[in-house]
Amino acid sequence: MDQTGVAAQTPKSPWGSVAPAAPACSLADVMSEQLARQMEEEDNAFPALTDPGADLLLSDEVSDTTSDLMLAQMLQMQFDREFDDQLRREEKKFNGDSKVSISFENYRMVHPYEDSDSSEDEVDWQDTRHDPYRAEKPQTTPRKGFTGKGKNITTKHDEVTCGRKNTARMDNFAPEVHVGDGLGMDLKLSNQVFNSLKQHCYSEQRRSARLHEKKEHSTAEQAVDPRTRLLMYKMVNAGVLENINGCISTGKESVVFHADGGSLEEQPVPDEVVLKVFKTTLNEFKNRDRYIKDDYRFKDRFSKLNPRKVIRLWAEKEMHNLARMKKAEIPCPEVVLLKKHILVMSFIGKDHVPAPKLKDVTLSSEDMKNAFYQVLHLMQLLYQECNLVHADLSEYNMLWHEGKVWLIDVSQSIEPTHPHGLEFLFRDCRNVSTFFQKRGVSEAMSVYELFNAVSGLNIPVGAEDEAEFMSEIVALEKRNEDHVQKRGKKTFPVASEDGGPPLKPDADD
């Protein structure tokens, strides 16, 4: 190729084609009036561009900036915004991730006529430093103890000053105590009233704490506390129970639940069982300690236990009493397991339906007469064979199932050697005699005849004066108590004298 041809070619730019340079103009052309008019026309052809910062200075509603006051306010507002932004950045940088933060809120500039970008219902921050409706807090008394001079001296014991201070101190009460706007009403509380309110709030706080603790650690109506619930869950997890179906009965001292039985290594578990959960509320047992504190089987252990642990003793006592009754072949629930204050027993009923109480069942005259003789026989067996007195026998604690009378609720049952054993037996006889006489059983004995038939004491009834009869019973109890303390023997005849249980509680049954 010819070198002249290569040199003549124009070099290509690697960045693409180069735009041709604008033609040069002379100074005379630039300064000409015609060129100036042409440039003005070109500027008018483009739309007006808005300054980004103009929105910060101008408002949509106010376009007139001829007023110097308006311009000054707008400029001051823009300066305050920038100042507040700078404070926020400094505050964030200073605090960092610290749990204790410092606020520069008091140094920010806020204008009452500043428009907010947030919605009307949302208030991000509100300046209350100059709120005309905000009550002024009372000034603190200086260390010298008074303010003012001469005749205008006001000490810290001034009635008005103390009243306002007491009103301000109500803000320190617990959040659940509604004190209202006492400062706004210029309320003045005397020291006596304030101290009474303070003591009342303190008492209410302690009472609510006690109620909460009692609810967490007690068995309420048809409910169990967390500890009892945990014991029930453990029984299910261990396979003793398949599932717990629900509450079937509630009483003064216990709640009874129905459950499906599982399996145990030592003994078989019935298909249907009940869980008798003794209530752990102390108020249910505070008047019933006389049933257990004088029982020789638990007397020594009762004095060493606190009231809450006595409840477990009730469950253990019912277990021992049911075991005695089962040996005497008395119809009663069979004990399956005892865990603290939960007693698992066999279910008296069928298909999740409990057997009715004797007071609720409707029987013919023949069945009712048969029921009376059954109850008489059960009372005699309980007293003579088991050496026990039910102490709460009535139509409420007797069930009618499969044509037989079943006895339940024997946790309070005691032995005849109890200081009040014969009195409890007389009360049981009165309940049984009254019930069957009201049901029209002509063969039903009187309370005195029934007592003699069960106990075998043969106390003369005479004119059937209850006071005289009770005096004979009390005399027998007193004489028996003296002999028990001296020799440990009974004075009135009991058929199971040689077959009674041993005195040691751990060897009982």
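Computed from a prediction, not measured in an experiment: that's the story for all the values here.
- With salt bridges taken as basic N to acidic carboxylate O contacts below 4.0 Å, none links K350 and E272.
- Counting only N and O atoms by type, the side chains of H258 and N245 include a donor and acceptor under 3.5 Å apart.
- Under a cut-off of 6.0 angstrom, the local environment of NZ in K340 is sparse, with at most 12 non-hydrogen atoms contributed by other residues, nucleotides or ligands.
- In this structure, the separation between CD1 on I408 and CE on M398 is 10.0 Å, given to the nearest 0.5 Å.
- No more than 12 heavy-atom neighbours from other residues, nucleotides or ligands sit within 6.0 angstrom of NZ on K339.
- Side-chain contact between H418 and F424: present, with at least one pair of heavy atoms (C-beta onward) separated by less than 4.5 Å.
- Partner of F426 under the side-chain contact (heavy atoms from CB on, under 4.5 Å) criterion, chosen from V447, V389, N431, L450: V447.
- Residues I102 and E91 come closest through the heavy atom pair O-CG, 3.4 Å.
- Of all non-hydrogen atoms in A453 and M445, the two that sit nearest each other are CB-SD, 4.2 Å.
- The line from NE2 of H401 to CG of L358 is 14.5 Å long, rounded to the nearest 0.5 Å.
- Side-chain N/O atoms of N166 and R169 include a donor and acceptor closer than 3.5 Å.
- Annotation: Q267, atom CD; neighbour count of heavy atoms from other residues, nucleotides and ligands within 6.0 Å is above 12.
- Proximity of I459 to L476: side-chain heavy atoms (C-beta onward) are separated by under 4.5 Å at one or more points.
- Under the 3.5 Å distance criterion, the side-chain polar atoms of T167 are matched with a main-chain donor or acceptor of L187.
- A heavy-atom distance below 4.5 Å is not found between the side chains of I248 and F257.
- Side-chain contact of Q192 with S196: a donor-acceptor pair under 3.5 Å is absent, judged by distance alone.
- Heavy-atom neighbours of E443 CD from other residues, nucleotides or ligands within 6.0 Å: above the threshold of 12.
- Distance check, rounded to the nearest 0.5 Å: CG of L388 to CG of L425 gives 11.5 Å.
- What you find for K359 and F435 is that their closest heavy atoms are CA-CE1, 4.2 Å.
- Taking both residues in full, the closest heavy atoms of A391 and Q412 are given as CB-O, 3.8 Å, listed atom of the first, atom of the second, then distance.
- In D360, the CG atom is crowded: over 12 heavy atoms of neighbouring residues, nucleotides or ligands sit closer than 6.0 Å.
- Taking the side chain as every heavy atom from C-beta outward, V277 and S254 never approach each other to under 4.5 Å.
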Task: F173/K198 under side chain to side chain contact (heavy atoms under 4.5 Å, CB included): CA gap, chis, key distance, verdict - done: CA-CA 8 Å; F173 289 168; K198 183 179 179 181; 4.3 Å; yes
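- Within the 4.5 Å cutoff, the side chain of F347 has no heavy atoms near those of the P270 side chain.
- Residues L322 and V410 are in side-chain contact: their nearest non-hydrogen atoms beyond the backbone lie under 4.5 Å apart.
- Of the possible polar contacts, none joining the E242 side chain to the G262 backbone as a donor-acceptor pair under 3.5 Å is found.
- No donor-acceptor pair under 3.5 Å is formed between the side chain of D351 and the backbone N or O of V353.
- Closest heavy-atom contact between L393 and D428: N-OD1, 3.1 Å.
- Atom CD in E318 sits 4.5 Å away from atom CZ in F278 (nearest 0.5 Å).
- In this structure the side chain of K317 reaches within 4.5 angstrom of the side chain of I414, judged on heavy atoms.
- The closest donor-acceptor contact from the side chain of S203 to the backbone of Q199 lies under 3.5 Å.
- In this structure, N458 contributes its side chain and N452 its backbone to no donor-acceptor pair below 3.5 Å.
- Separation of atoms CZ (R229) and CD1 (I244) is listed at 10.5 Å; rounding is to 0.5 Å.
- S411 pairs in a side-chain contact (heavy atoms from CB on, under 4.5 Å) with only one of the listed residues (E316, M319, E253), which is E253.
- Within a 6.0 Å sphere centred on NE2 of H200, other residues, nucleotides and ligands contribute 12 heavy atoms or fewer.
- For the side-chain contact (heavy atoms from CB on, under 4.5 Å) with L241, the lone residue among D260, V336, V273, L337 that qualifies is V273.
- Within a 6.0 Å sphere centred on OH of Y396, other residues, nucleotides and ligands contribute 12 heavy atoms or fewer.
- Contact record, L275 with M235: CD2-SD, 4.3 Å, taken as the closest heavy-atom pair.
- A salt bridge links R324 to E415: at least one charged side-chain nitrogen sits closer than 4.0 Å to a carboxylate oxygen.
- Taking SG of C332 as the start and CG of L399 as the end, the distance is 11.0 Å to the nearest 0.5 Å.
- A salt bridge between K188 and D186 is present, with a side-chain N of the basic residue lying under 4.0 Å from a carboxylate O of the acidic one.
- Ion pairing of D409 with K276 is present here, as a side-chain N (NZ or NE/NH1/NH2) and a carboxylate O approach within less than 4.0 Å.
- Counting only heavy atoms from C-beta outward, the side chains of M470 and E423 approach each other to under 4.5 Å.
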